[in-house]
Number of protein chains: 2
Amino acid sequence: MSDSAESLSSLRRALGLLRLVGATDAGGIRLKDLAEQAGCSQPTAHRALQDLAAEGFVEQIGKRYRLALDFFVLAARAGQAGGLRDLAKPVLLRLSATLTDTIFLLVRNGYDAVCLDRIEGPFPIRSFTGDIGGKVPLGLGQGSLAILAHLPEAEREAVIRFNVPRLLDRGFLDEAALRVALEAARVQGWVNLNTGLIPGMAGLGVPVFDAQGRVVAALSVGTLADRLRPERLAGVVAILKAEAATLGAMLNPFDPALRHPSRSLSAVS
Amino acid sequence: MSDSAESLSSLRRALGLLRLVGATDAGGIRLKDLAEQAGCSQPTAHRALQDLAAEGFVEQIGKRYRLALDFFVLAARAGQAGGLRDLAKPVLLRLSATLTDTIFLLVRNGYDAVCLDRIEGPFPIRSFTGDIGGKVPLGLGQGSLAILAHLPEAEREAVIRFNVPRLLDRGFLDEAALRVALEAARVQGWVNLNTGLIPGMAGLGVPVFDAQGRVVAALSVGTLADRLRPERLAGVVAILKAEAATLGAMLNPFDPALRHPSRSLSAVS
DNA sequence: ATTTATAATTCCGTTATATGAAATTTACTG
DNA sequence: CAGTAAATTTCATATAACGGAATTATAAAT
């Protein structure tokens, strides 16, 4: 629906190339394939890549292109999306120290939840979100589900409509199960999906609300199933909720980022 | 030397704008200032920003622009120099669990060492490298020094020549002290610079070699000086070296990234 | 080593598109 | 409710982005 209209500006095209380079794994990608996938001529791709490389976004290793470390550094230095990450850092550190488990900070981005930060606990964790920068469809995983559950009705429905096929594709919840889980999340105020999607793993997510009561993020814990048995669980929930409240209270209620929530949706390609 | 020649391609200009947006902190930056700093007209900046926003690299909050999450997501993938980050993850986790200290994974990038990943220990650590994505001149800090010490002669000399002034600027080692430290690092095979540059802190770094014996990274530990007293130190060294060996063994000897080491130097701006 | 094939890079005439001045709209500020 | 400054849109112009074709480099095969 979005890309059917042909001609893009040269900049859009170049950014598309950058994205394609990013989609490739460590080995890099050849100019030929890049041009083909982007649907532009080889000389065009070549020139764009030269510029991208000159600006330090891409590096050319032999005949292959891949994202440059400078790009990584640039992002790391950049004012972290909304300052949320910086604000949340002490919260994550406290949680990590208190719970001795892996802690995630997730935010919504369009139809996905993105891992903004994470602090590793001593146990090896497998999670859907993966590392910082990782993405999961909203609804998959505890934190992700916590966010989805507390979105305003209209947005939530839009996301569900869009995501159900994606979830099915990945072989997870169907719509009915998803709605049950969402309802449970809403009444409980936290998520503890023990669907056993990852054997031996368990997790727990709580939403973070700003002063207007909008969900802006989720905190979650990932750990071994053993470590979330009933007696410990209640305590962990309490601690997580307390920290989520703390974090929420730190959010500037006048942050203009929260005034145009629809934009983030429409920005999805 | 690089930007004195005027006309840049429109792409370069747009990427410059992106960089400027990134240099701003969470509050964002106005179009006016952006155009001014970039040295282009307002309409030009405007259109570029619209495209950047349409591709999800930048978001417009009210009248201010800032980096969007997509940018961070993409950048997170840029850390993958040779997939090293993913490969190293279990190693870092093991080290963190075994040593209960903060663990760093550093790689070389031009004249700098970049922190590719780090796992927080329970002790509050101050380090030069700082957080993930942080940079230090090669030679400053244990891991960074470990890398420099094991570079091939010619490259090492080039880096030293370039970095000595930078190190002096920051008030640290002079060339003589640096060379002594490098020699020690080479014979010992690990670095334990107790220069007391950061009071109360201590660290320890070991190089990671690939199958051809080239340094590709360093593992290091940062902790309280107390925790690296002689009796514990030997054990920590042994563990670090063992993990460095494990990691090295996992590296694909045919990674093309390692075949053109000179490029990474010349790519420095 | 020599040849062959495939991809990367450079050239160049054409045309699309990026550009900035000026005009218009929008949103702040006193 | 003005008055002002910035953000957008419009538009004619010139530029620089485009792809076909030619050239060079690189890899594969014999």
Side-chain angles (χ1 to χ4, degrees), chain A residues 3 5-18 20-21 24 27-55 57-66 68 254-260 262-263 266-267, chain B residues 3 5-18 20-21 24 27-55 57-66 68 253-263 266-267:
Chain A
D3 57 297
E6 293 304 325
S7 66
L8 292 170
S9 69
S10 71
L11 176 53
R12 298 281 299 268
R13 228 182 317 247
L15 293 174
L17 285 170
L18 184 58
L20 283 173
V21 173
T24 211
I29 183 172
R30 294 181 316 161
L31 184 61
K32 171 83 180 317
D33 303 328
L34 216 38
E36 175 164 0
Q37 290 178 40
C40 67
S41 75
Q42 225 165 84
T44 299
H46 181 249
R47 263 172 321 213
L49 269 290
Q50 293 304 321
D51 285 349
L52 252 1
E55 289 291 336
F57 284 80
V58 148
E59 64 183 347
Q60 188 176 7
I61 303 293
K63 345 202 66 174
R64 319 209 113 171
Y65 294 90
R66 68 179 181 198
F254 299 112
D255 183 343
L258 308 173
R259 286 213 289 269
H260 302 285
S262 52
R263 264 195 199 268
S266 61
Chain B
D3 58 295
E6 294 303 327
S7 65
L8 292 171
S9 68
S10 71
L11 176 53
R12 298 280 300 267
R13 220 179 326 237
L15 292 174
L17 284 169
L18 184 57
L20 283 172
V21 174
T24 213
I29 183 171
R30 293 181 317 162
L31 184 61
K32 170 85 180 316
D33 303 328
L34 217 38
E36 177 164 359
Q37 289 178 43
C40 66
S41 75
Q42 223 164 84
T44 299
H46 181 250
R47 261 157 323 134
L49 269 290
Q50 292 304 321
D51 284 350
L52 252 1
E55 289 290 335
F57 285 76
V58 148
E59 63 184 347
Q60 188 176 8
I61 302 298
K63 342 204 69 174
R64 319 209 114 176
Y65 295 90
R66 69 178 181 200
F254 299 113
D255 183 342
L258 308 174
R259 286 214 288 269
H260 302 284
S262 52
R263 265 195 199 267
S266 62

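All values below come from the heavy atoms of this structure, side chains included, with hydrogens, waters and symmetry mates left out. All chains are named by letter (A, B, ...) in the order of the sequence lines, taking the proteins before the strands, and each is independently numbered beginning at 1.
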*Presence of B/His46 side-chain N/O under 4.0 Å of D/dT8 phosphate oxygens OP1/OP2*: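 Result: yes.
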
*D/dA17 phosphate, OP1 or OP2: any side-chain N/O from A/Gln50 under 4.0 angstrom?*
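No.
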
*Give one of base, sugar-phosphate or nothing for B/Ser10, where a contact means two heavy atoms less than 4.0 Å apart.*
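Since only primed, P, OP1 and OP2 atoms lie under 4.0 Å of B/Ser10, the category is sugar-phosphate.
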
Rounded distance (Å) that lies between atom [atom2] of [N] and atom [atom1] of [X]:
| X | N | atom1 | atom2 | value |
| --- | --- | --- | --- | --- |
| B/Glu36 | C/dG20 | CD | P | 15 Å |
| B/Asp51 | D/dA17 | CG | P | 14 Å |
| B/Ile61 | C/dA27 | CD1 | P | 15 Å |
| A/Tyr65 | C/dA7 | OH | C1' | 11 Å |
| A/Leu8 | C/dA18 | CG | C1' | 15 Å |
| B/Leu11 | D/dT15 | CG | C1' | 16 Å |
| A/Leu49 | D/dA17 | CG | P | 15 Å |
| B/Gln42 | C/dA22 | CD | P | 14 Å |

Do [X] and [Y] make a side-chain contact, defined as non-hydrogen atoms from C-beta onward lying under 4.5 Å apart?
| X | Y | result |
| --- | --- | --- |
| A/Arg47 | A/Thr44 | yes |
| A/Gln37 | A/Ile29 | yes |
| A/Asp33 | A/Thr24 | no |

*Hey, which sits more toward the 5' end of DNA chain D by its nearest nucleotide, A/Thr44 or A/Lys63?*
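Looking at DNA chain D, the more 5' nearest nucleotide goes with A/Thr44.
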
*asked:* Side chain of A/Arg13, heavy atoms from C-beta onward: which of D/dA17, D/dC18, C/dA7 has the nearest atom to it?
replied: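 Between D/dA17, D/dC18, C/dA7, the one nearest the side chain of A/Arg13 would be D/dC18.
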
*In terms of side-chain heavy atoms of A/Arg47, which of D/dG20, D/dA7, D/dC18 is nearest?*
D/dC18

*Could you walk me through whether B/His46 and B/Gln50 pass side chain to side chain donor-acceptor pair (under 3.5 Å), step by step?*
CA-CA 6 Å; B/His46 181 250; B/Gln50 292 304 321; 3.1 Å; yes

*Do you know which two heavy atoms are closest between A/Leu15 and B/Phe57, and how far apart they sit?*
CB-CE1, 3.9 Å

